[in-house]
A.B. asks: 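A single structure is presented below for examination.
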There are 2 protein chains.
Amino acid sequence: MQLTQEYREKLDGALRRTGQRATRQREHIFSVLLGKRDHPTADEVYARARAEMPSISLATVYNCLEALSASGLVKQVNFEREPTRYCANLTAHAHFYCKESGEIQDVELSEQIIDLLKSCLPAGHTAHRIDIAFDGKCGECDD
Amino acid sequence: MQLTQEYREKLDGALRRTGQRATRQREHIFSVLLGKRDHPTADEVYARARAEMPSISLATVYNCLEALSASGLVKQVNFEREPTRYCANLTAHAHFYCKESGEIQDVELSEQIIDLLKSCLPAGHTAHRIDIAFDGKCGECDD
DNA sequence: TAAATAATAAGAATTGTTCTAAATATTGGT
DNA sequence: ACCAATATTTAGAACAATTCTTATTATTTA
């Protein structure tokens with residue numbers, strides 16, 4: 001899995017802007033996330049990363065995921081107390097988690113509905129992030 | 001902190017309905033949550049509970065909080081990877097977390113907006129729970 | 001190219017939570 | 001009220017995800 005020129009520039013720029021260095025490992029982890037757009041845990045990213053870079057360590061995977069999150073290229077997704085998952089979809093979206101199949105899906109949200117949610121906040125409060133997670137049954141698992 | 005008759009009946013009924021027993025410890029933990037309606041972590045609940053019941057153990061606190069959640073009287077609230085927090089507010093509401101003050105506030109949501117959110121789901125998907133967490137600055141911390 | 005700085009690797013440490021097993025409490029049937 | 005059956009509590013060990021530590025290696029800057 002090679003990063004296209006476009007994504008490499010995006011990555012280098014984003015890292016530099018946040019005072020971080022572009023390294024082979026960070027590039028590789030980014031390409032792993034772009035390569036299969038499910039919502040892997042750090043362990044899963046580690047397993048996929050090792051396929052092409054056997055010497056990478058789990059600590060480095062965490063480190064890279066943190067660097068990518070800090071640079072704004074990757075989002076961390078949490079469901080209750082489960083391991084953090086990572087995704088490279090940067091559009092405003094929520095997540096749907098089907099406990100039956102274990103599958104996680106992105107749910108696109110309009111600006112409109114985000115604004116509507118923000119309007120529920122008490123005066124003076126400013127939200128710089130909104131996390132929305134649905135729990136339920138997906139189409140396949142639903143009776 | 002004594003449970004009112006009303007709340008004791010609510011508790012006993014809810015526990016019985018979910019096949020669980022009413023115990024001194026569960027009553028006490030419930031009263032702790034009703035007594036101060038912030039969003040304490042298990043450790044904080046433990047500290048408060050011990051004030052009146054010094055022999056209670058942390059494992060029991062976790063156990064009671066789990067029993068109360070299972071019975072539907074208490075909600076678990078998670079912010080990213082932080083320790084789970086517990087609250088006895090059962091109305092549909094979101095949470096606002098101010099990282100500056102550390103304060104957590106309930107944000108009431110209308111049925112309308114919940115329905116609107118549900119309507120964003122792909123066909124066939126049913127949500128049996130929606131978690132909404134705002135991150136930002138609250139009125140006092142905002143410039 | 002050298003010096004300064006940042007990132008990596010490997011494993012130890014930490015944190016919040018769950019598990020285990022023995023002791024205790026609660027419940028339902030007499 | 002009493003006994004047996006079952007659930008809960010306690011204390012501490014175990015666990016899983018993540019972070020930290022330190023020496024080594026890579027990247028950047030001058």
Side-chain angles (χ1 to χ4, degrees), chain A residues 8 11-32 39-47 49-50 52-71 73-86 102, chain B residues 8 11-32 39-50 52-71 73-86 102 104:
Chain A
R8 173 170 321 227
L11 173 61
D12 288 4
L15 287 172
R16 187 147 322 118
R17 250 173 272 121
T18 50
Q20 307 184 97
R21 291 180 180 171
T23 65
R24 282 196 318 121
Q25 287 87 342
R26 287 175 181 173
E27 270 186 23
H28 183 48
I29 295 300
F30 190 40
S31 83
V32 163
H39 297 78
T41 62
D43 265 349
E44 287 161 353
V45 173
Y46 180 42
R50 279 209 288 190
E52 291 194 44
M53 187 185 272
S55 65
I56 198 168
S57 76
L58 178 58
T60 298
V61 170
Y62 273 105
N63 180 339
C64 292
L65 290 169
E66 176 58 35
L68 293 169
S69 303
S71 80
L73 290 179
V74 163
K75 269 192 201 158
Q76 307 192 187
V77 182
N78 288 286
F79 290 102
E80 288 149 55
R81 294 249 96 218
E82 300 200 357
T84 299
R85 294 166 177 281
Y86 298 86
Chain B
R8 174 172 320 228
L11 173 62
D12 288 4
L15 288 171
R16 187 146 324 117
R17 251 173 272 120
T18 49
Q20 306 184 98
R21 291 181 180 172
T23 66
R24 282 195 320 120
Q25 287 86 344
R26 286 174 182 173
E27 271 185 22
H28 184 48
I29 295 300
F30 190 40
S31 81
V32 162
H39 298 78
T41 62
D43 266 349
E44 286 161 353
V45 173
Y46 181 42
R48 293 176 199 177
R50 278 210 289 189
E52 290 194 46
M53 188 184 272
S55 66
I56 199 170
S57 74
L58 178 59
T60 298
V61 170
Y62 273 105
N63 180 339
C64 292
L65 290 169
E66 176 57 36
L68 293 170
S69 303
S71 80
L73 290 178
V74 162
K75 270 192 199 157
Q76 307 192 189
V77 181
N78 289 284
F79 289 102
E80 289 150 52
R81 294 250 97 219
E82 300 199 357
T84 298
R85 294 166 177 280
Y86 298 86
I104 290 163

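Chain naming here is simple, since letters A, B, ... match the order of the sequence lines and numbering starts at 1 in each.
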A.B. asks: Report the distance from atom CG of Leu65(A) to atom P of dT19(D), rounded to the nearest whole Å.
C.D. replies: 10 Å

A.B. asks: For Gln20(A) and Ala67(A), which heavy atoms make the closest approach, and how far apart are they?
C.D. replies: NE2-O, 3.2 Å

A.B. asks: Minimum heavy-atom separation for Ala49(A) and Val32(A), please, with both atom names.
C.D. replies: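 So the minimum-distance heavy-atom pair works out to CA-CG2, 4.0 Å.
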
A.B. asks: Excluding sequence neighbours, so at least two apart, what forms side-chain hydrogen bond (donor to acceptor under 3.5 Å, both in side chains) with Arg48(B)?
C.D. replies: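 side-chain hydrogen bond (donor to acceptor under 3.5 Å, both in side chains) list for Arg48(B), sorted by chain: Asp38(B).
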
A.B. asks: Looking only at atom types and distance, does a side-chain atom of Thr41(A) sit under 3.5 Å from a main-chain N or O of Glu44(A), one as donor and one as acceptor?
C.D. replies: yes

A.B. asks: What does the inter-axis angle of the helix from dT1(C)-dA30(D) to dT30(C)-dA1(D) come out as, five pairs per end, nearest 10 degrees?
C.D. replies: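 What I find for the helix from dT1(C)-dA30(D) to dT30(C)-dA1(D) is an axis angle of 40°.
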
A.B. asks: In whole Å, I'd like the distance from the OH atom of Tyr62(B) to the P atom of dA13(D).
C.D. replies: 17 Å

A.B. asks: Suppose we screen for salt bridge (charged side-chain N to carboxylate O under 4.0 Å, His left out). Which residues come up paired with Arg8(B), at least two apart in sequence or across chains?
C.D. replies: Glu27(B)

A.B. asks: Can you pull the contact range of chain B along DNA chain C, 5' to 3', using atoms under 4.0 angstrom from its heavy atoms?
C.D. replies: dG16(C) to dT27(C)

A.B. asks: Rounded to whole angstrom units, what separation is found between the CG atom of Leu68(B) and the C1' atom of dT8(D)?
C.D. replies: 13 Å

A.B. asks: Could you check how far CG of Leu58(B) sits from P of dG12(D), rounded to whole Å?
C.D. replies: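 Taking CG of Leu58(B) and P of dG12(D), I get 12 Å after rounding.
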
A.B. asks: In this structure, how many angstroms lie between the C1' atom of dT10(D) and the CE atom of Met53(B), rounded?
C.D. replies: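 After rounding, the gap between these two atoms is 13 Å.
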
A.B. asks: What are the two closest non-hydrogen atoms of Arg81(B) and Asn78(A), and how far apart are they?
C.D. replies: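 Looking at all heavy atoms of both residues, the closest pair is NE-OD1, 3.8 Å.
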
A.B. asks: Give, ordered by number, those residues of residues 76-86 of chain A having at least one heavy-atom distance below 4.0 Å to an atom of DNA chain D; if nothing qualifies, reply none.
C.D. replies: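 Correct list: Pro83(A), Thr84(A).
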
A.B. asks: Looking only at heavy atoms, what is the nearest atom pair of Ala70(A) and Thr18(A), with distance?
C.D. replies: O-CG2, 3.7 Å

A.B. asks: Atom CG of Asn63(B) to atom P of dT10(D): distance rounded to whole Å?
C.D. replies: 9 Å

A.B. asks: Nearest 0.5 Å, what's the CZ-CG distance between Arg26(A) and Asp12(A)?
C.D. replies: 11.5 Å

A.B. asks: Pick base, sugar-phosphate or nothing for Thr41(A), based on heavy-atom distances below 4.0 Å to the nucleic acid.
C.D. replies: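 Nothing, no nucleic acid heavy atom in range.
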
A.B. asks: What closest approach, in Å, do Tyr86(A) and Ala42(A) show between heavy atoms, and which atom pair accounts for it?
C.D. replies: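 Taking every non-hydrogen atom into account, CE1-N, 4.0 Å.
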
A.B. asks: Please test Asp43(A) against Val61(A) for side chain to side chain contact (heavy atoms under 4.5 Å, CB included), starting from the C-alpha separation and ending with a verdict.
C.D. replies: CA-CA 9 Å; Asp43(A) 265 349; Val61(A) 170; over 6 Å; no

A.B. asks: Roughly how far, to the nearest 0.5 Å, is CD1 of Ile56(A) from CD1 of Ile29(A)?
C.D. replies: 4.0 Å

A.B. asks: Might you point out which heavy atoms bring Ser71(A) and Ala14(A) nearest each other, and give the distance in Å?
C.D. replies: CB-O, 3.6 Å

A.B. asks: Assign a letter to each nucleotide of nucleotides 24-30 of chain D from its 5' end: B, base within under 4.0 Å of a protein heavy atom; S, sugar-phosphate only; -, no contact.
C.D. replies: --BBS--

A.B. asks: Under the criterion side chain to side chain contact (heavy atoms under 4.5 Å, CB included), I'd like the reasoning laid out for Arg50(A) against Tyr46(A): C-alpha separation, chi angles, the key distance, then a yes or no.
C.D. replies: CA-CA 6 Å; Arg50(A) 279 209 288 190; Tyr46(A) 180 42; 3.3 Å; yes

